[in-house]
Amino acid sequence: GPEHARVIEMPQPILTNENLERLRWVDRKGFQAKTISICFKASEGHMERALERIRREAEEYVLDGYNVIVLSDRPVDSGHAAIPALMAVSAVHHHLIRKGLRSKCGLIIETGEARENHHFALLLGFGVSAINPYLAFDTIEDMRRRKLLPETLTAEKAQYHYIKAVGKGL
């Protein structure tokens, strides 16, 4: 029959930083993940060229047998701008559909942009299977360290509450 991607079952679409790392290095039972930077040199200022690169890389990785594609804006720094997460996700999603490859991979976004419920809802609506809102988790951890959250709250508990709240919002 037609080949379909194996799926990783997730109870909800929000990935902690730890879960994403686990997924990123998984190489078993036919799972292989590849990360693509959605950042580009700010000095070049050519978002369209960067989108072309991202589409091409995603296509090549799926053809090479990778079945989890992680789009990441983590490489953002003073010299690099990030393509907006929705734009990057949409570009890859539609490109893979055009090439008949979309059913062969899961799409994950690692982004500092996602904070509010509508961000998550839009990203999911645009085709991602999971979202790692690393900046939200970093902020929660920073608040915890600065004693702005109850002292009894562990890092894991704080993340759990955030994920639960996002899940309810969705």
Trainee: Report the C-alpha distance between Thr16 and Asn19 in whole Å, list the side-chain angles of each, state the deciding distance to 0.1 Å, and finish with yes or no for side-chain hydrogen bond (donor to acceptor under 3.5 Å, both in side chains).
Mentor: CA-CA 5 Å; Thr16 62; Asn19 286 340; 3.3 Å; yes
Trainee: Under 3.5 Å, sequence neighbours excluded: what are the donor-acceptor pairs made by side chains of residues 150-170?
Mentor:
unit_1	atom_1	unit_2	atom_2	d
Thr154	OG1	Lys157	N	3.0
Tyr162	OH	Arg115	O	3.1

Trainee: Among residues at least two apart in sequence or on other chains, which ones pass salt bridge (Lys or Arg N to Asp or Glu O under 4.0 Å) with Arg53?
Mentor: Glu57
Trainee: With sequence neighbours excluded, tell me which residues meet salt bridge (Lys or Arg N to Asp or Glu O under 4.0 Å) with Asp138.
Mentor: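 Asp138 satisfies salt bridge (Lys or Arg N to Asp or Glu O under 4.0 Å) with no residue once adjacent residues are dropped.
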Trainee: For Leu101, which residues count as a side chain to side chain contact (heavy atoms under 4.5 Å, CB included) partner, sequence neighbours excluded?
Mentor: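 Testing Leu101 for side chain to side chain contact (heavy atoms under 4.5 Å, CB included), a comparison that skips the adjacent residues, returns Glu59, Val62, Leu63, Leu96, Lys99, Lys104.
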Trainee: Per the ring-ring contact (aromatic ring centres under 6.0 Å, His included) rule, what does the pair list look like for residues 50-79, sequence neighbours excluded?
Mentor: Tyr61-Tyr66
Trainee: Can you list everything that forms a side chain to side chain contact (heavy atoms under 4.5 Å, CB included) with Ala33? Sequence neighbours excluded, please.
Mentor: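 In terms of side chain to side chain contact (heavy atoms under 4.5 Å, CB included), with neighbours along the sequence ignored, Ala33 is linked to Val68.
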Trainee: Using the test side chain to side chain donor-acceptor pair (under 3.5 Å), find all partners of His80 that sit at least two apart in sequence or belong to another chain.
Mentor: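 For His80 the side chain to side chain donor-acceptor pair (under 3.5 Å) partners, ignoring immediate neighbours, are Asp77.
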Trainee: Would you check if the side chain of Asn67 reaches a backbone N or O of Gln32 as a donor-acceptor pair within less than 3.5 Å?
Mentor: yes
Trainee: Does the salt bridge (charged side-chain N to carboxylate O under 4.0 Å, His left out) test come out yes or no for Glu21 and Arg74, once each step is laid out?
Mentor: CA-CA 13 Å; Glu21 284 313 307; Arg74 253 197 202 266; 5.9 Å; no
Trainee: Phe126 and Ile38: same hydrophobic cluster, using ILVMFWY side-chain contacts below 4.5 Å?
Mentor: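 Yes.
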Trainee: Applying side chain to side chain contact (heavy atoms under 4.5 Å, CB included), name anything that partners Met87, two or more places apart in sequence or on another chain.
Mentor: Met47, Leu51, Ile83, Pro84
Trainee: Identify, with sequence neighbours excluded, every residue that meets side chain to side chain donor-acceptor pair (under 3.5 Å) alongside Asn117.
Mentor: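 Counting only residues at least two positions away or on another chain, Asn117 forms no side chain to side chain donor-acceptor pair (under 3.5 Å).
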Trainee: For Phe120, which residues count as a ring-ring contact (aromatic ring centres under 6.0 Å, His included) partner, sequence neighbours excluded?
Mentor: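 Expected list: none.
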Trainee: When you measure from the side chain of His119 to the backbone N and O of Glu116, does any donor-acceptor pair fall under 3.5 Å?
Mentor: yes
Trainee: What's in the same ILVMFWY side-chain cluster as Tyr134, cut-off under 4.5 Å, chained through other members?
Mentor: Leu135
Trainee: Charged N to carboxylate O under 4.0 angstrom, Glu141 versus Arg145?
Mentor: yes
Trainee: List for me each residue that meets side chain to side chain contact (heavy atoms under 4.5 Å, CB included) alongside Leu20, sequence neighbours excluded, and say none if there are none.
Mentor: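 With neighbours one apart ignored, the set is Leu15, Arg24, Val70, Ile108, Glu110, Asn132.
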